[in-house]
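Numbers here simply count residues along the sequence, with the first being 1.
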Amino acid sequence: MSIRLFGYQDKILLLQHGSTELLALAQRRGAQLHKLLSGTSIFEQDLHKPHGRLHHNDWLKLLQNCQQQLNSPELPYLLGNALLNNHYISLCQSLQYAQNLHQALAQLYYFRHQLFPCFYARLSQQQHCIIIEFKPALGLASQQAFMLTAVISLLLGLVKQQLGTVAGISLQLQQAASHQLQHQLHWGVDVSFNRSLDCISIPLALWQQVFTDANTLKFNAARRTCRQLNHVLSKQRALPESICRLQHRALPQLLNQDQVAAELGLSSSSLKRQLNQHNTNFATLLDEVRRDAARQLLQQGHYSNRQLALKLGYSDEHNFRRAFKRWTGLIPSSFKGMFNFN
């Protein structure tokens, strides 16, 4: 199935896959529906349509309205839990009927455009754990922490439900430690703050452990429904994510802006204009790709600065070291020790 690009004005989000749950949670805490919908293109009658949709600008506005009307720091945690236990969302049903965490997360990632198109993930393996790094697929501004909290809450809720424990799981977050108490209360895992990435570490021992509610027939039935929904809500990816993926595959070669535009079926001027709408630019994304690739290489093995420079397309190791210090404030050898989860 071909994957096309989406932007803030494309109606690719289903109201029944997050918005109605968020509104219900907010209303139970005293918020008024007409104020929650203020500034969006959503009408109250839209909330009852099975395939009613909204675009990302509306979603971000809903989140903003909820935060302005309510002093409710537990809202993103409750949203993640509400999504996980929604019996009308086939994707969430399939997660609970999966054989194990590996199958559940593969399912969630493949159909994530039906629930969380604003994030994508990069996986890597260390000796005793799987590292899942969360990346925003498009600009989420001040709502990124809210959405990331909801995503992590759904994942940890799934682990707790099906495996009965989150022992050994840890998190690293870019955000400050202001929500440390809330995270500990709702998640019950070790969390490190002020880090250079958002990621979760899951022990390999939990990866293949059989789920309590594993059911092959029900999982396959839910997956078929997800596939049918793809006819209504086709796979789509945001432009920044698509560019980063192209550049990752091209390394150590570097694609210029014209080459990337051609790969995506855009003109160079259109590519630049659309990136401006995401509050980013081509050079920033390329820098991000190199940073992420360097970090992953350092987690996976022992490379000299010269080897890393070659793998990332730098002309010499001095330029790589200077870039790495700018990204992390550290030299490569110091950085590796900070991100050892074992």
Side-chain angles (χ1 to χ4, degrees), residues 18-19 21-31 36 56 59-86 92 105 108 112 115-122 129-161 163 165-203 206 279 288 292 295 327-329 338-341:
S19 300
E21 288 83 358
L22 176 66
L23 291 169
L25 288 167
Q27 286 179 276
R28 285 199 289 270
R29 281 154 182 77
L36 293 172
H56 250 287
W59 173 242
L60 295 178
K61 182 61 177 176
L62 282 181
L63 295 180
Q64 183 183 42
N65 289 346
C66 285
Q67 292 169 315
Q68 288 178 345
Q69 287 195 55
L70 300 169
N71 181 18
S72 184
E74 77 276 7
L75 201 58
Y77 307 94
L78 296 177
L79 177 61
N81 186 66
L83 290 173
L84 175 63
N85 294 288
N86 188 313
C92 294
L105 294 186
L108 178 60
R112 66 184 174 83
L115 196 63
F116 296 122
C118 56
F119 280 103
Y120 68 104
R122 297 188 63 83
C129 61
I130 298 290
I131 310 298
I132 304 173
E133 181 181 354
F134 301 98
K135 303 284 295 179
L138 76 171
L140 297 174
S142 60
Q143 310 308 332
Q144 182 169 328
F146 185 107
M147 280 303 303
L148 182 61
T149 299
V151 172
I152 293 173
S153 296
L154 183 147
L155 292 179
L156 292 177
L158 177 67
V159 174
K160 289 177 184 178
Q161 281 185 12
L163 300 181
T165 180
V166 290
I169 295 178
S170 61
L171 284 161
Q172 293 187 5
L173 299 176
Q174 296 183 66
Q175 61 190 256
S178 55
H179 294 92
Q180 183 174 1
L181 184 60
Q182 286 287 334
H183 288 336
Q184 185 62 39
L185 177 65
H186 289 277
W187 290 342
V189 300
D190 292 331
V191 185
S192 301
F193 298 92
N194 297 307
R195 309 310 286 264
S196 64
L197 71 165
D198 296 310
C199 69
I200 184 170
S201 166
I202 302 177
L206 298 181
N279 297 312
E288 180 181 320
D292 293 346
R295 194 162 53 205
W327 295 330
T328 67
M338 288 185 63
F339 291 86
N340 185 1
F341 289 90

For this session: Go through the steps for Arg122 and Leu197 under the test side chain to side chain contact (heavy atoms under 4.5 Å, CB included), then give the verdict.
Result: CA-CA 11 Å; Arg122 297 188 63 83; Leu197 71 165; over 6 Å; no
For this session: Go through the steps for Gln180 and Val191 under the test side chain to side chain contact (heavy atoms under 4.5 Å, CB included), then give the verdict.
Result: CA-CA 8 Å; Gln180 183 174 1; Val191 185; over 6 Å; no
Problem set entry | Chi angles and distances behind the side chain to side chain contact (heavy atoms under 4.5 Å, CB included) call for Leu156, Ile200 | CA-CA 10 Å; Leu156 292 177; Ile200 184 170; 3.9 Å; yes
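- Within the structure, the salt bridge (Lys or Arg N to Asp or Glu O under 4.0 Å) test picks out the following pairs touching residues 131-154 (sequence neighbours left out): Glu133-Arg295, Lys135-Glu288, Lys135-Asp292.
- Residues forming a side chain to side chain donor-acceptor pair (under 3.5 Å) with Gln144 (at least two apart in sequence, or on another chain): none.
- Taking every heavy atom of both residues into account, Ala137 and Pro117 meet most closely at CB-O, 3.4 Å.
- Atom CG in Leu138 sits 5.0 Å away from atom NE2 in His56 (nearest 0.5 Å).
- Side-chain contact check for Met147 versus Phe116: some heavy-atom pair is nearer than 4.5 Å.
- Applying the side-chain contact (heavy atoms from CB on, under 4.5 Å) rule to Gln174 yields the partners Asp198; only residues at least two apart in sequence or on another chain are considered.
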For this session: Under the side chain to side chain contact (heavy atoms under 4.5 Å, CB included) rule, what do Leu148 and Leu173 come out as? Steps first, then yes or no, please.
Result: CA-CA 10 Å; Leu148 182 61; Leu173 299 176; 4.0 Å; yes
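- Leu75 approaches Ala26 most closely through the heavy-atom pair CD1-N, 4.5 Å.
- For the residue pair Gln175 and Phe193, the shortest heavy atom distance occurs at O-CB, 3.4 Å.
- Contacts of Gln161 classified as side chain to side chain donor-acceptor pair (under 3.5 Å), with partners at least two apart in sequence or in another chain: Asn85.
- A pairwise comparison of heavy atoms in Leu154 and Cys92 identifies CD1-SG, 4.4 Å as the closest pair.
- The side-chain heavy atoms of Ile131 and Ser201, taken from C-beta on, include a pair separated by under 4.5 Å.
- Note that CZ of Arg28 and CG of Leu25 are 5.0 Å apart. Values are rounded to the nearest 0.5 Å.
- Sorted by first and then second residue, the salt bridge (Lys or Arg N to Asp or Glu O under 4.0 Å) pairs with a member in residues 176-191 form an empty list; sequence neighbours excluded.
- The side chain to side chain donor-acceptor pair (under 3.5 Å) search around Asn279 returns none, not counting sequence neighbours.
- The shortest heavy-atom contact between Leu62 and Leu36 is CD2-O, 3.2 Å.
- Across all their heavy atoms, Ser153 and Gly80 have their closest contact at CB-CA, 4.3 Å.
- Pairs of residues two or more places apart, or lying in two chains, that qualify as ring-ring contact (aromatic ring centres under 6.0 Å, His included) and include a residue from residues 61-85 are Tyr77-His183, Tyr77-His186, Tyr77-Trp187.
- No more than 12 heavy atoms of other residues, nucleotides or ligands shown are found within 6.0 angstrom of CG on Asn71.
- Scored by the side chain to side chain donor-acceptor pair (under 3.5 Å) test, Thr165 finds no partners at all (sequence neighbours excluded).
- Annotation: the span from Leu171 atom CG to Ile202 atom CD1 amounts to 9.0 Å, rounded to 0.5 Å.
- In terms of the salt bridge (charged side-chain N to carboxylate O under 4.0 Å, His left out) criterion, residue partners of Arg112 (sequence neighbours excluded) are, by chain and number, Glu241.
- Applying the side-chain contact (heavy atoms from CB on, under 4.5 Å) test to Ser192 and every residue at least two apart in sequence or in another chain returns Gln172, Arg195.
- Annotation: the span from Phe146 atom CZ to Leu140 atom CG amounts to 12.0 Å, rounded to 0.5 Å.
- Separating the SG atom in Cys199 from the CD1 atom in Ile152 is a distance of 9.0 Å, to the nearest 0.5 Å.
- Summarising the geometry, atom CG belonging to Leu70 is positioned 10.5 Å from atom CD belonging to Gln27; distances are rounded to the nearest 0.5 Å.
- Partners of Leu163 by side-chain contact (heavy atoms from CB on, under 4.5 Å), not counting sequence neighbours, listed by chain and number: Val159, Leu206, Gln209, Phe211.
- With sequence neighbours excluded, the residues satisfying side-chain contact (heavy atoms from CB on, under 4.5 Å) with Ala121 are Tyr109, Leu123, Ile132.
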